[in-house]
2 protein chains.
Amino acid sequence: MAFTAVTLRDVAKHAGVHPGTASRALNSRTRALVNEATAKKVLEAARELGYRPNPIARGLKTNRSETIGVLIPDLTNPLFPPIVRGIEDRLREEGYTALLANSDNDPTKERLLFETMSDRQVEGFILATADREDPLVEDALAARVPIVMVNRTIETAIAFAVVGRDRGGSQLAVSHLVGLGHTRIGHIGGPERFSTGKARYEGFVAAMEGAGLEADRRLIGFGEAFTEDEGARVCRELLAADNSMTAIVAGNDLLALGCYDVFAEEGLRCPENISVIGYNDMPFIDKLRPPLSTIRIPHYEIGWNAADLLLLRISDPDASPRTVFLEPELVVRASTGPPPQPLSGTARSAAAGSAT
Amino acid sequence: MAFTAVTLRDVAKHAGVHPGTASRALNSRTRALVNEATAKKVLEAARELGYRPNPIARGLKTNRSETIGVLIPDLTNPLFPPIVRGIEDRLREEGYTALLANSDNDPTKERLLFETMSDRQVEGFILATADREDPLVEDALAARVPIVMVNRTIETAIAFAVVGRDRGGSQLAVSHLVGLGHTRIGHIGGPERFSTGKARYEGFVAAMEGAGLEADRRLIGFGEAFTEDEGARVCRELLAADNSMTAIVAGNDLLALGCYDVFAEEGLRCPENISVIGYNDMPFIDKLRPPLSTIRIPHYEIGWNAADLLLLRISDPDASPRTVFLEPELVVRASTGPPPQPLSGTARSAAAGSAT
DNA sequence: ATTGCGACAGCAAACGATTGCAGTATAGGT
DNA sequence: ACCTATACTGCAATCGTTTGCTGTCGCAAT
């Protein structure tokens, strides 16, 4: 196992040429500058000695590191692994590797990580951490550091980003519910400071209006985070505010999961008494009781495309910023069904009655 | 935002000293070599200019990169994110960062990644990819490259590793089932080429014998991978081989999930007709239908300790290899219950009968 | 025969730090 | 007053590559 200790000098010596020449021969971009025969000789020597260039040394001279920084809120959130996987796969195709770190949505930590990575000469960043207004992103943009955002994006500037078409996704969810016969539909939105939270909310409102339905403010709430707990909290509020609601579109799957908990508390059966649809289609969400209807986002592709875009941006500093939208897809499972018939006493009203 | 371009020379000049002196002043290990007053001056200058050392340049000279390589089979497997998180958290405490890559359990790819990372001067590796006999690990050991294994370990050498106490975990599972009254207990093991697969299997056999029960070979099968599909396949085999089985201990949660699918096919109710217990307690497994009983491994801690150990190994090349075992914990949920009463016709035998 | 040019290849200076060695100045001992 | 030990600090090499510049050689054109 060649844990390389063979340097460029070694192969140069072995090939009987100057290290500079060897360098040029080895680098495809400069190979033309050296005689074909000598180039062959060098390549041969390199192969023979098992030469592998030292990227650190190269980086020192060239300011390139062939690594890029990936900042995500929390790897432990099932949303991110596929994205990271996509990033990594695309990156490796070009010989790049990823430096990964978790920010826990803490701006201070985020900035620190960003700087640490900058120090390490990463050539660019993929950020899954952007707020709609995000000073870090703006600073990076101003400094012309290559970045592309994934999943979320900013609104205060135009930049590279790869995101799902969130408004469209909400519309999918609403149409599905409307098609089932629901009219009193609530929304549990994610934090409005994230583009995902806001866009899905806006999509919800637009779709409701498009369907000639009222987007009742009392039936709309926002979680302070994309968590199960927040989903439960808001769900309770919505239920308390108006008992005519028969369906909920949640800003993401975790929020929807919180609804499940509340339904259980309240003795509500899903989907018989109330429907809920999530967003993301995270792994294993199909195994739940009941399997969650949701909007699928192509996470792996998001990651892959983000890396692709970043690579482009790195090789062409003048590439014009673009945000690519990936299409969401409706996944119907068992958490959504027709609304309860109001005529006969439903379990819902029975449950409400028994609570009185 | 200081995207550092200020070098050691700059701060030296600003402080009116030689770069060498500045270097010594800045480095806590060598600070004693320089006059306290000048040191202060240098520190001051550095702070003022916002100096941040260039780790690449440093690394070139010192052969240290403050980064370590993390090789996992597939980040998308929910087992790994918490481990990686633990690794990263511990690493960052010491200013290290992690280079992450997925091997997909492909030895060729694994080796390639290993070499790429070596080239990048990583100071050590954390491997979640070890087979019980693993040439890559052996080579690395022979070359005295610092490595520590997580989750799985090798058997052909003694090395640093952090794993769950797998045999003990299986015993927990078996005791639980025996306590419930089961006697005909089957086992769906993971691949025997992984230490986890083997140890859990051995723990199963030992526990059965310890309980005075027969570990019937017909009730034992092995998946070729830790996947739901393999779980289903083996589950079908076991069911076909002997219809007296009332409980299954699965080598991991995914394998157990496969059982769920087969139960559904066969019209078996869990836990009324048959119990199953998983291993790992992966995220969201508690949301399943029914919530899966399982053995919890402290994944985050495994990662954290692995990083800790690696850091130790790096700072002290003569540290003696050790494998630290973390204790598993029984998590009882709803997939395990008492065995069906053989007296009255159970759904199980009814189902079997109707199939005849 | 001289000049000019093209094609290589070598030289050496970077890149930004670290570090062994040597030099200088001060203090302290006799 | 001289010598030596001590305490710094500066010098310069070095880590492994890359790359602008210079030099050499052969060949063709005049």
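Remember, predicted model here, so these are calculated numbers, not experimental data. Residue numbering restarts at 1 for every chain, and letters A, B, ... go by the order of the sequence lines.
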Would you call [X] and [Y] a side-chain contact if the rule is heavy atoms closer than 4.5 Å?
X	Y	answer
Thr97(B)	Arg120(A)	yes
Asp89(A)	Tyr300(A)	yes
Leu75(A)	Leu100(A)	yes

Separation of [X] atom [atom1] from [N] atom [atom2], in whole Å?
X	N	atom1	atom2	result
Lys61(A)	dT17(D)	NZ	C1'	8 Å
Asn54(A)	dG16(D)	CG	C1'	6 Å
Leu8(B)	dT14(D)	CG	P	20 Å
Arg64(B)	dA17(C)	CZ	C1'	14 Å
Arg9(B)	dA12(D)	CZ	P	12 Å
Leu60(A)	dA13(C)	CG	C1'	13 Å
Arg120(B)	dG16(D)	CZ	P	18 Å
Leu33(B)	dT24(C)	CG	P	20 Å

Between Glu138(A) and Thr156(A), is there a side-chain donor-acceptor contact under 3.5 Å, judged purely by atom types and distance?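 A donor-acceptor contact under 3.5 Å links the two side chains.
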As a test of reading the structure: which of dT9(D), dG16(C), dT17(D) is closest to the side chain of Thr7(A), going by heavy atoms?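 Per side-chain heavy atoms of Thr7(A), the pick is dT17(D).
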For dT18(C), does either OP1 or OP2 sit under 4.0 Å from a side-chain N or O belonging to Arg58(B)?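 So the side chain of Arg58(B) is within the cut-off, an N or O lying under 4.0 Å from OP1 or OP2 of dT18(C).
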Could you tell me whether a side-chain N or O of Ser195(B) sits under 3.5 Å from a main-chain N or O of Thr153(B), the two making a donor and an acceptor?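 Pair found, side chain donor or acceptor close to backbone of Thr153(B).
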Within the 4.0 Å heavy-atom criterion, would you say Ile56(A) contacts the bases, only the backbone, or no part of the nucleic acid?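 No contact at all - Ile56(A) keeps every heavy atom at 4.0 Å or more from the nucleic acid.
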Lys41(A) with Glu44(A): basic N within carboxylate O range, under 4.0 Å: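 No salt bridge links Lys41(A) with Glu44(A).
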Identify whether the distance between the nearest side-chain nitrogen and carboxylate oxygen of Arg85(A) and Asp104(B) falls below 4.0 Å.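 Salt bridge flag = yes for Asp104(B) with Arg85(A).
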Members of residues 18-31 of chain A that approach DNA chain C, where some heavy atom sits under 4.0 Å away: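 The answer is His18(A), Thr21(A), Arg24(A).
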